[in-house]
Trainee: 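My structure is below; once you've seen it, I'll send some questions.
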Amino acid sequence: MKKFKRTTVTAALPYANGPLHIGHIAGAYLPADTYVRFLRQRGEDVVFICGSDEHGVAITLGAKKEGVSPKQFVDKYHALMQKAFVDFGIGFDIYSRTSNATHHETAREFFTNIYNKGIFLEETSDQYFDEQEQIFLADRYIVGTCPTCGHANAYGDQCEKCGTSLSPKQLINPRSTVSGKTPVLKPTRHWYFPLNLFEEWLKEWIVEGHKDDWKINVYGQCKSWIDQGLQPRSITRDLDWGVSVPLPDATGKVLYVWFDAPIGYISATKELKPDGWEKYWKDPETRLIHFIGKDNIVFHCIIFPAILKAAGDYILPDNVPANEFLNLEGDKISTSRNHAVWLHEYLADFPGRRDELRYVLTSISPETKDADFTWKDYQQKVNSELVSIFGNFVNRVMVLTWKYFDGRVPSEEELAGTTEKRIKILDHYKKAHHDLNEAVGEMIHALNDFRFREAQFQLINLARIGNKFLADTEPWKLAKEDMEAVGSILNYAITIVGNLAIACDPFLPDAATRLRKQLNSTSFDAKWKQFWVKEQLINAVPQHHQLGQPELLYKNVEDDEIEKQIAKLRKPGMEETKPVSALKPLKPEISIDDFSKLDIRIGKVLTAERMEKSNKLLKLTVDTGSDQRTILSGIAQHYTPEEMVGKQVTLIANLAPRKMMGIESQGMILMAEDVDGKLRLLIPVEAVSPGSTVS
RNA sequence: GGCGCGGUAGCUCAGGUGGUUAGAGCGUUGGAUUCAUAACCCAAAGGUCGGGGGUUCAACUCCCCCCCGCGCUACCA
């Protein structure tokens, strides 16, 4: 294997259109962080790069929906994600963002560099244009009637009903999903990156060169792509949000997100090390590792490397350990259905319990196939492994040492095998020592191979072996007859605890800190490094060293804690089995004049809070376009205040004000009532401006 | 539709150029124990290795077909 001087580790740039959930963490950030911690423990030169991916149509549309500018939109999510990462303890050297100046510059330089080499293709074609919004529409933002099956809402790339693939021009009566209007065809010019020219090179580099060292899922996906034959990919878009194309006649053109986003790794490194960044990207003695989810394989293994190759001078990823996906309680994680465990919410609900989440996510890490996170599993793993095996072992050793030696590490002189009992102890010691070294070796080996599940298992194995060593040698019994033997046993037990403190750093950083405190070992750094160099047990805590006070490392997860979390996932009212009421009869006929008396409008919820002493009412502040008013709405059992904020709602604006529970309600929110009594909001399919009338 | 990855004990996963009783941890059950967060330690039960067919003296491991999950992709292998 090639020797490298340093390592550049990147973790996929999260898209700045929503908060982070455990799927993101398990997929890329946690394995990356674990790996980087491991490298740092070994004293290696490593940079750990990440940042928010802030461009693309989805951002502009998301911003429009929230009624804010794209910049405000990404500012919000960038801040949210950055804070969550920091709070969770993911140790990026830099968490940057693609909307900043350094990145724009870097991405433009990349484009210009490759452009000047004459590699890009340039082509003009007709594309649908939304005249009202003044934007060209991506395929999936166009709907229309499917030419094959007649389905009225087929997307521009595929009909969901009959499954045929389409191009937008095949759609009958195309409509823009952004404005609802009929788009028109307009010629537009774009630049293309000729991936096909890199096919042979990619074949050699990946299919031949990385057959054995890349994960099979990654390799298979790449090979499949390359075998299919590669096509030029367009790398520009008509949009006013993004990195503008650095050509004189290219106003209104930006780089396509997938072109600029991976370059974000480089810009972030530049920002981190304005003078020294190049050696992390251009020195062949640097190893580049991308941690990503499986949806990103083709960008990181094929397209981005080809771009780097085209740019010249750059190193290529040495490995791309992509993970599969994480499910939640048997279902796909879904932002829109709120079927997710949000990182910032976990951190708020479980303060001081970051290791627990790390531990569980690593133990089910989707390394070879999709995995499933369940709260029950979380509880069981924490309680039976972290608490019972790891935490308990440390606690037993600490307590025993305080009990018999006042917290001073007993001397480590070798025990003379003078009695039968002592001979047995020596046997147990030898066995434990052998098993421990094997586990340490296997742990480090697995870390090198990105097999974090296995590595962490071996870590816990150290505690398992430690527990067995104590059970086998029974120092609490010997205390009555042979204190020298007790001292020898505990000295070794403390050695195990010390090595655990060292070894758990990449996986359980908070435990590492707590253990250092308990062992009173903050000054042992230089010595402890030896563990990672020798790859075997070291004499971590010297004899006669005074230990700190024992403290429990972890506490059990109680039933009610996870029940709360599980309840959070369910839609309100979903588990209630109410009798299905009959459809309500039609009301008597009215005239159009009756109807026109109603002033129905679209408003936007600015704030929402529960009403005191009411289990049905939410107090909402609603922007009706012309004013902001307070409306009390009896929907508290169907929507949480958090869910309501930012939502568009349909309301009756000219209803006479009415006092409820001491507060005046100035209007009424319209709701659909399902046959089971469940209330659902009426929301315009596409966002409209507050104050829009309904008729 | 095509391609890729996966489908092994209740759960999370190992494994195998085909070869005696398919492994581990957790969970469960029983026992032992008390230093410890009713924890630890020992033991047992649990699987016709997604289904069907084939090759073979012998397949969970190789070949073919099918089913299921996830991803990628589009009339192209």
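Each chain gets a letter, A, B and so on, in the order its sequence line appears, and its residues count up from 1.
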Trainee: Which value, in whole Å, describes the distance between the P atoms of nucleotides B:rA58 and B:rU20?
Mentor: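 Between the two P atoms, the distance is 14 Å.
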Trainee: Take the protein atom CG of A:N296 and the nucleotide atom P of B:rC72, then report the distance between them rounded to whole Å.
Mentor: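 Whole-Å distance recorded here is 10 Å.
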Trainee: Which part of the nucleic acid does A:K223 contact within heavy-atom distance under 4.0 Å: base, sugar-phosphate only, or nothing?
Mentor: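 No contact.
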Trainee: Rounded to whole angstrom units, what separation is found between the CD atom of A:Q379 and the C1' atom of B:rU37?
Mentor: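 To the nearest whole Å, that distance equals 14 Å.
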Trainee: Which base, if any, makes a Watson-Crick or G-U wobble pair with B:rA43, both distances under 3.5 Å?
Mentor: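 By the stated definition (distances under 3.5 Å), B:rU29 pairs with B:rA43.
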Trainee: Could you work out the separation of B:rG52 and B:rC5 based on their P atoms and round it to a whole Å?
Mentor: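 Nearest-Å result for B:rG52 against B:rC5 at atom P: 24 Å.
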Trainee: Would you check if the side chain of A:Y15 reaches a backbone N or O of A:H55 as a donor-acceptor pair within less than 3.5 Å?
Mentor: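 Yes, because the side chain of A:Y15 sits within donor-acceptor range (under 3.5 Å) of the backbone of A:H55.
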Trainee: Any donor and acceptor pair, going by atom type alone, linking the side chain of A:E204 with main-chain N or O of A:G209 inside 3.5 Å?
Mentor: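 The answer is no, because no donor-acceptor pair under 3.5 Å joins these two groups.
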Trainee: Taking atom P of B:rC3 as reference, at what distance in whole Å does atom NZ of A:K294 sit?
Mentor: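 In whole Å, B:rC3 P lies 18 Å from A:K294 NZ.
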Trainee: Whether A:R237 engages the ring of A:Y256 as a cation-pi pair (distance to the six-membered ring centre under 6.0 angstrom, angle to the ring normal within 45°) should be assessed.
Mentor: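 Yes, A:R237 sits over the ring of A:Y256.
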Trainee: Over how many whole Å does the gap from A:K381 atom NZ to B:rC11 atom C1' extend?
Mentor: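 For the pair A:K381 NZ and B:rC11 C1', the rounded distance is 7 Å.
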Trainee: Using a 4.0 Å heavy-atom cut-off, does A:Y554 contact any base of the nucleic acid, only the sugar-phosphate backbone, or nothing at all?
Mentor: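 A:Y554: base contact, heavy atoms under 4.0 Å.
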Trainee: When you measure from the centre of the six-membered ring of A:F325, is the NZ or CZ of A:K294 under 6.0 Å away and within 45° of the axis?
Mentor: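 Here A:K294 passes the 6.0 Å and 45° test against A:F325.
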Trainee: Expressed in whole Å, how much space separates the P atoms belonging to B:rU21 and B:rC49?
Mentor: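 These two P atoms come out 14 Å apart once rounded.
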Trainee: Donor-acceptor check, side chain of A:E367 to backbone of A:R453, threshold 3.5 angstrom: yes or no?
Mentor: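 At least one qualifying donor-acceptor pair exists.
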Trainee: Where does B:rG46 fall, syn or anti, if syn means a chi angle no more than 90° from 0?
Mentor: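 Syn, which is what one calls it when the glycosidic angle falls within 90° of 0.
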Trainee: For B:rC70, which nucleotide is its Watson-Crick or G-U wobble mate, given both distances must be under 3.5 Å?
Mentor: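 Here B:rC70 is engaged in a pair, and the nucleotide opposite it is B:rG4.
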Trainee: When you measure only distances, ignoring hydrogens and angles, does the side chain of A:N392 come within 3.5 Å of the base of B:rA36 through a donor and an acceptor?
Mentor: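 By the distance-only test, yes, there is a pair.
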Trainee: In whole angstroms, how far is the P atom of B:rG6 from the CG atom of A:N217?
Mentor: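 Interatomic distance, CG of A:N217 to P of B:rG6: 8 Å.
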Trainee: For nucleotides B:rG23 and B:rC40, find the distance between their C1' atoms and express it as a whole number of Å.
Mentor: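 Result for the C1' pair: 24 Å, nearest Å.
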Trainee: Rounding to an integer number of angstrom, what distance separates B:rG47 and B:rG4 when you compare their P atoms?
Mentor: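 So the two P atoms sit 34 Å from each other.
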Trainee: How many Å lie between NZ on A:K480 and C1' on B:rC35, as a whole number?
Mentor: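 From A:K480 NZ to B:rC35 C1': 11 Å.
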Trainee: What is the distance, to the nearest angstrom, from the CG atom on A:L400 to the P atom on B:rC40?
Mentor: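 It is 16 Å, rounded to the nearest whole Å.
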Trainee: Rounded off to whole Å, could you give me the CG-to-P distance for the A:L230 and B:rA74 pair?
Mentor: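 These atoms are roughly 12 Å apart.
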Trainee: Using atom P of each nucleotide, how far apart are B:rU17 and B:rU61 to the nearest Å?
Mentor: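 Those two atoms are separated by 13 Å.
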